[in-house]
Structure formats: structure tokens, C-alpha cells
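Have a look at the structure below before the remarks.
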Amino acid sequence: MTDQWWKQAVVYQIYPRSFADADSDGVGDLRGIIGHLDYLAGLGVDVLWLSPIYPSPQDDNGYDISDYQNVDPLFGSLETFDELLAGVHARGMKLVMDLVVNHSSDEHPWFVESRSSTDNPKRDWYWWRPARAGLEPGTPGAEPTNWGSAFGGPAWEYDEQTGAYYLHLFSKKQPDLNWENPEVRQAVYAMMRWWLDRGVDGFRMDVINMISKDPALPDGKLPTGRAYADGSASYIDGPRIHEFLHEMHGEVFQGRAGLLTVGEMPGVTVDEAIRYTDPAREEVDMVFQFDHVWADRGPDPWLLMPLQLTTLKAIFGRWQAGLADVGWNSLYWNNHDQPRVVSRFGDDSAYRVESAKMLGTVLHLHRGTPYVYQGEELGMTNAPFRSIEDFRDIEALGQYTDAVTKEGRSPEEVLTVLRARGRDNARTPMQWDASPQAGFTTGTPWLAVNPNHTEINAAAAVADPNSVYHHYRKLAELRHTEPAVVDGDFTMLLPNDERLYAFTRRLDQTELLVIGNFSAETVRAEIDDAAAWAAAELVLTNTAAPTDDLTLGPWQAVVYRRMLSR
Ligand code: TEU
């Protein structure tokens, strides 16, 4: 195994709360995951990433952690965790944990101490600030800065006990840790080593490019019509971020082999990503960038913008070129924060199966490590939320409140966007079979199962050789057997085409051609060498073979391979 084994790996993300419920309380658990390990091994994935399973008040479904070194009883125990880890390793897979250390829960003992008095030794472990000069502490507008939190409301919470405010970029139950304090950093590193010593194989690091803040904490610019400003200029890729990640690498990862580290980094630029992922700098192996999942987002968050394929291609093209020589990309359409890709960029009705396979093919054939989010391999779709009462996500509920009560939007316009983009779309229970609760639970699920589970489910997909599941299995197999998928150079073709996504990959004498049709129309690919390509080996497609002039049917995807002469 080389040091960069993850270049050849496919990662599968599990959102434990929604994966499989073994104890019938309506919430998924570790025992449920254990029961499906053969399914995951059968898909051919190499790494499982678990969203947080630590003790938590569950204000943000576990991204608010009150004890970093245990398992929430909701999900199981450390003993069950060890059993899961052993089961994963026995099947030749690895297990990566979610690391959420930009913030803790407000119920974490660190914060309980920190808020108790201004002279507590842990006071400086979080970001405490006085009210804005001249204003009455605790009154609207007296917050230390005008920043909004990601989940609605201000990014500051007034704490009467000491008459000061603490910073929370997310919910008020997620106070931001102060990484300027070396004791905080050492406590986090010790906790990470403890998990690695237990046998885990790495970390997915939640919003890790936000841990270094400009201590001046200046106001942000207030956009017209919005209640709060965006403070991100002060904390995205902040002043000491590279120093902190390099220090973490030295303290935690140095001298350990076979690990995977991926930093979730909203707003990260290509230039910064080169620095984060340059192996010589010893920071992280790869990052999750957000440009492509923000491609259909306009300046007004409550206005749906359709995707321009040329925009999407320009984004991926820029990332592929930027990390071609130094660093490495991660590739994803979905995770627990994003709507289902077949509903977003594909066609989740007439061409659901075709478009789900096409989207998977295009993504997995890029250069980078692909991530599959639970249910993506089944072509699971967005859910039919009727009203705001159907949503559970703190982000959806908080943003709805701000938009409707503070910004005067109509409930219907806000709901339209939440239905299309809301995070709960990804969080409906995994669809295992056609039975009443989709085989997810025998109790009442915490979030309603999608009624389409009678048709879209794992049992049906495994039994059908033409399913999305088997296509994803073939994509993993292709990565494992064709070195050009892993290491080949990437060249974008047809950048101005609004329907076709086309590129080549080349490694030594092997060249691959990948084309995906992002439309329900029949489209001819006007590329050089079309006839020669059409005569080449068709490695993978999602429908019948295309005609010999490279005309693709609705939502068709093709992967050709040819050998170039020396
Ligand atoms: O998400 C980070 C993040 O930027 C989110 O705000 C995301 O962009 C947004 O929700 C999309 O609508 C991470 C976790 O993945 C998310 O689940 C957590 O809620 C968040 O951090 C706080 O820990």
C-alpha cells in the first residue's frame, strides 16, 4: 500500500441517524450499520465515513458534540463501535470519523466551565466579547459584530451570567472554539490520537478552514434586504489556518500510515486548496470545496437558479487544472447537507435511473477521490415536503424564520427553495426495501421515509443488474482496475456546450473519453476523432451503445478506452 492509497479509493458516507435503526427507536444506530456491512462491501467501496456519533444534545444532529471521546447512547456504545470497526476492517474497508472542532456543544464541559466566570481557566477556550460600545448588553444590535449565523439569527449569544457574548458561527448551541489558545489545540490533538490509537483510519474535518479567525473580528458588509452581514472574510482560510493544520499533522498524523484526512472547506479557493493539499506542506490529503454545489445559487438565496452546465464545467475544469500537479481533489455531488443530485442536476422522474448513472459516471471519472452519500447509489430523490412542519433541520427552520419574520418573504417562496435545496432531502431514511418504513425501522422514523421507497430501494436495486447500484459498483471497480482513472491527466472538451459534459483522461498510452448528456435530448458530440472514438472499446454506458457518430441519447453516459501508439 502506498502512502497515497486513497487516490484509488471510493469513500461512502454514512449519516448514522438515517441509515439503519436496529433498536426501533426511529433513529439509526451502530448496530444497524453493522447489519449492512456486507451490502457496503458488495458495492466495492473502500472507506466508510461516519457522520458524528458522539454524545450530543443533537441540536444539529450530532455536529454539536458534548463529549469527543464516547458514543451517544442513541447510537450505541464504545463496545459496539469497536465491533463495527472490527467488522469494517475484516471486510478490507477503512473507517473515517467526523471531526467537529471548529465548535463544540454548549453542553460540553469545556464550555460549561468557560461560561461560568470571566476568570475560569477555560474562559479563553471560546470567543467571548463585550457588547458593542455604547449599547445596552443583550439588546438587539448590541452584538459585538453584525455577523449572521449560518442557521439564522446573529452569530453572537448574550450570556447573562458574565454579561458577555460568545461567538457561534452555527447554532447558539455550537460555540466556536478559540484555536488561538494552544491548550485548545493540544486538547483536540490528544483526542484525535486517542481515536487513531483505537484503530480509526482518519478524519473528515468539519468546516476546518474556519478555525483560524482574525482576532479583530471586524463587522462585515450588510447586503441590502438582509438581516445580518456575512463575516466570512474574517474566518474563511484565516490568518493562521495553515500553521494550525501543519501543527495538527505533526502532532497527530506524523509517523502513522494508511490514514485519510479530508477537510471540509466552504469558500476555499483553488490557490488555497493547493496549499492545503500539497503533500510537502503536511496539512491534509484533500479538501471538500463548495464551488460546484453553489453553482446554482444566485445572490438572492430565496430565488432558485437553474444550473448552467457551462458554469459547472468551468468550475470543475478550474479545480482539475489547479490541482493537476500538486495536491488532490475530492469529488462529490451529495452529502448530508446537499439536496439529492438526481433531483438537482438530473431528472428524477422519467429518466431517474439513466440520469443518476450519468451523474455518477461523470463525477467518478474525474481525477480525485469520489465520495458516495448513502442512497446516492440507489438514485434516491428529494422528498415531498408539504409544509415547514415536515422539516426537522435546524438550518431550514432557522433560515425560514429569518426570511419570513425578519425579511418579509412569503412562506411559499421560502418553502419552494427549501423543498429544492433543503438539507432534509438528504436525511430521509435509507430505503432498504418496499416495506412500510422502508426497512429502516420498525418504529416511527425521526424524519418521514420518502413514499417512493416502494419502487426505489436497495433490495430491488441489488436484484436488478441494470440498477443504479450496479452501475456505481462498476464505477468503483473501474477505479480499482484502470490506472488512467486514478492517475490520468484531465482535459476538458466542449466547454461551451450546454448539454454535453465531455473530457478525456490520459495515462501513458491509455486514453479514456467520457461524455455525459445532461439533457433529455439526443445530442451529437462534435469532438475531434469522433469516428475513431466510436470504434474504440466501450468500457461503460448507462443505456445501449451509442451510434457510430457519437450521438448520445437522453441522459446517456459513455466511457471509451483506446490505446495510443507510441
Ligand atoms: O457544514 C458546513 C457548512 O458550510 C454548512 O453550513 C453547509 O454549507 C450548509 O448547511 C449547506 O446548506 C458542516 C456540516 O456538514 C453541517 O452538517 C453542519 O451543520 C455544520 O458544518 C456545522 O457543524
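Summarising the geometry of Ala273 relative to Trp319, their closest heavy-atom pair is CB-CZ3, 3.3 Å, with the distance given to 0.1 Å. When all heavy atoms of Ala476 and Gly44 are compared, the pair lying nearest together is CB-O, 3.7 Å. Of all heavy-atom pairs spanning Trp328 and Thr277, the tightest one is N-OG1, 3.3 Å. Counting all heavy atoms, side chain and backbone alike, Gly553 lies closest to Thr522 at CA-OG1, 4.3 Å. The shortest non-hydrogen separation linking Ala502 to Leu494 is CB-CD1, 4.0 Å. In plain terms, the two heavy atoms of Leu397 and Arg392 that are nearest each other are CD1-O, 3.9 Å.
In this structure, a donor-acceptor pair under 3.5 Å is absent between the side chains of Asn425 and Ser343. Side-chain atoms of Glu389 and Ser387 include a donor-acceptor pair closer than 3.5 Å. With no hydrogens or angles considered, a side-chain donor-acceptor pair links Gln58 and Arg17 at under 3.5 Å. No side-chain donor-acceptor contact under 3.5 Å links Asn517 and Glu354. Donor-acceptor pairing under 3.5 Å is lacking for the side chains of His366 and Gln320. Between the side chains of Tyr63 and Ser56, not a single donor N or O lies within less than 3.5 Å of an accepting N or O. Side-chain contact check for Glu377 and Tyr12: at least one donor-acceptor pair (N or O, by modelled atom type) lies under 3.5 Å. Checked by atom type, the side-chain pair Ser171/Asp59 shows a donor-acceptor distance below 3.5 Å.
Side-chain atoms of Gln431 come within 3.5 Å of backbone atoms of Ile456 as a donor-acceptor pair (strictly under, hydrogens ignored). Under the 3.5 Å distance criterion, the side-chain polar atoms of Thr311 are left unmatched by any main-chain donor or acceptor of Ala295. Side chain of Asp29 to main chain of Ala22: a donor-acceptor pair is present (N/O by atom type, distance under 3.5 Å, no hydrogens or angles). The closest donor-acceptor contact from the side chain of Tyr469 to the backbone of Leu43 lies under 3.5 Å. Using a distance-only test at 3.5 Å, with no hydrogens or angles considered, no donor-acceptor pair links the side chain of Tyr15 to the main chain of Asn335. Checking side-chain atoms of Arg352 against main-chain N and O of Val342 turns up no donor-acceptor pair under 3.5 Å. The backbone N or O of Asn452 sits less than 3.5 Å from a side-chain atom of Asn450, completing a donor-acceptor pair. Between the side chain of Lys357 and the backbone N or O of Asn466, at least one donor-acceptor pair lies under 3.5 Å. For Asn457 (side chain) and Ala460 (main-chain N/O), a donor-acceptor pair under 3.5 Å exists by modelled atom type. Side-chain atoms of Asn334 come within 3.5 Å of backbone N or O of Pro339 as a donor-acceptor pair.
Looking at residues two or more places apart in sequence or on another chain, you find a side-chain contact (heavy atoms from CB on, under 4.5 Å) between Arg562 and Glu511, Asp529, Ala532, Trp533, Ala536, Leu564. Evaluation of the side-chain contact (heavy atoms from CB on, under 4.5 Å) rule for Ile236 yields Asn209, Met210, Ser232 as partners, not counting sequence neighbours. Taking the side-chain contact (heavy atoms from CB on, under 4.5 Å) definition, one finds that Glu482 meets it with Leu478, Ala484, Val485, Thr510, Leu512, Arg561, sequence neighbours left out. Partners of Ser24 according to the side-chain contact (heavy atoms from CB on, under 4.5 Å) rule, which considers only residues two or more places apart in sequence or in another chain, are Thr442.
Between Thr504 and Ile527 there is no side-chain heavy-atom pair separated by less than 4.5 Å. Put simply, the side chain of Met286 reaches to within 4.5 Å of the side chain of Trp6, judged on heavy atoms. Residues Val45 and Tyr371 have side chains not in contact (no heavy-atom distance under 4.5 Å, counting atoms from C-beta outward). Contact of the Pro266 side chain with the Val207 side chain is registered, since non-hydrogen atoms from C-beta on lie closer than 4.5 Å. At a threshold of 4.5 Å between non-hydrogen side-chain atoms, the residues Asp296 and Arg421 count as touching. At least one side-chain heavy atom of Val47 sits less than 4.5 Å from a side-chain heavy atom of Trp5. A heavy-atom distance below 4.5 Å is not found between the side chains of Phe518 and Lys313. Here the side chains of Asp424 and Leu418 are not in contact, with every heavy-atom distance at 4.5 Å or above.
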Apply side chain to side chain contact (heavy atoms under 4.5 Å, CB included) to residues Val10 and His364 and explain how you reach the verdict. CA-CA 9 Å; Val10 178; His364 283 236; 4.2 Å; yes
Show the numbers, then the answer: is there a salt bridge (charged side-chain N to carboxylate O under 4.0 Å, His left out) between Asp487 and Arg506? CA-CA 8 Å; Asp487 288 317; Arg506 172 148 182 203; over 6 Å; no
Take Phe288 and Trp49 through the ring-ring contact (aromatic ring centres under 6.0 Å, His included) test and state the conclusion after the steps. CA-CA 14 Å; Phe288 290 133; Trp49 147 31; 5.6 Å; yes
Evaluate the side chain to side chain contact (heavy atoms under 4.5 Å, CB included) criterion for residues Leu475 and His480: first the C-alpha distance (whole Å), next the side-chain angles of each, then the deciding distance (0.1 Å), finally the verdict. CA-CA 9 Å; Leu475 288 170; His480 295 148; over 6 Å; no
CA sep, side-chain torsions, deciding dist, call: Met380, Thr428, side chain to side chain contact (heavy atoms under 4.5 Å, CB included): CA-CA 10 Å; Met380 274 177 63; Thr428 61; 3.9 Å; yes
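The CG atom of Leu50 sits 6.5 Å away from the CZ atom of Phe81 when rounded to the nearest 0.5 Å. Between atom OG of residue Ser519 and atom CG of residue Leu552 there is a gap of 9.5 Å, rounded to the nearest 0.5 Å. A distance of 4.5 Å separates NE2 in His471 from CG in Leu540, rounded to the nearest 0.5 Å. Here CG of Asp285 is found 11.0 Å from OG of Ser330. Values are rounded to the nearest 0.5 Å. In this structure, CG on Leu550 lies 6.5 Å from CG on Leu513, to the nearest 0.5 angstrom. Rounded to the nearest 0.5 angstrom, Asp25 CG and Thr444 OG1 are separated by 10.5 Å.
Residue pairs meeting the salt bridge (Lys or Arg N to Asp or Glu O under 4.0 Å) criterion with at least one member in residues 492-502, sequence neighbours excluded, are Arg499-Glu521. For residues 447-466, there are no ring-ring contact (aromatic ring centres under 6.0 Å, His included) pairs, not counting sequence neighbours.
Checked against the 6.0 Å centroid criterion, the rings of Phe385 and Phe391 qualify as a close aromatic pair. In this structure, Phe19 has its ring center under 6.0 Å from that of Trp432. Taking the six-membered ring for Trp and the full ring otherwise, Phe345 and His292 have centroids separated by 6.0 Å or more.
Between Arg91 and Asp38 there is a salt bridge, since at least one side-chain N of the basic residue sits less than 4.0 Å from a carboxylate O of the acidic one. Between Asp390 and Arg419 there is no salt bridge, since no side-chain nitrogen of the basic residue lies less than 4.0 Å from a carboxylate oxygen of the acidic one.
Relative orientation of the Tyr501 and Phe503 rings is perpendicular, given thresholds of 30° and 60° on the angle between their planes.
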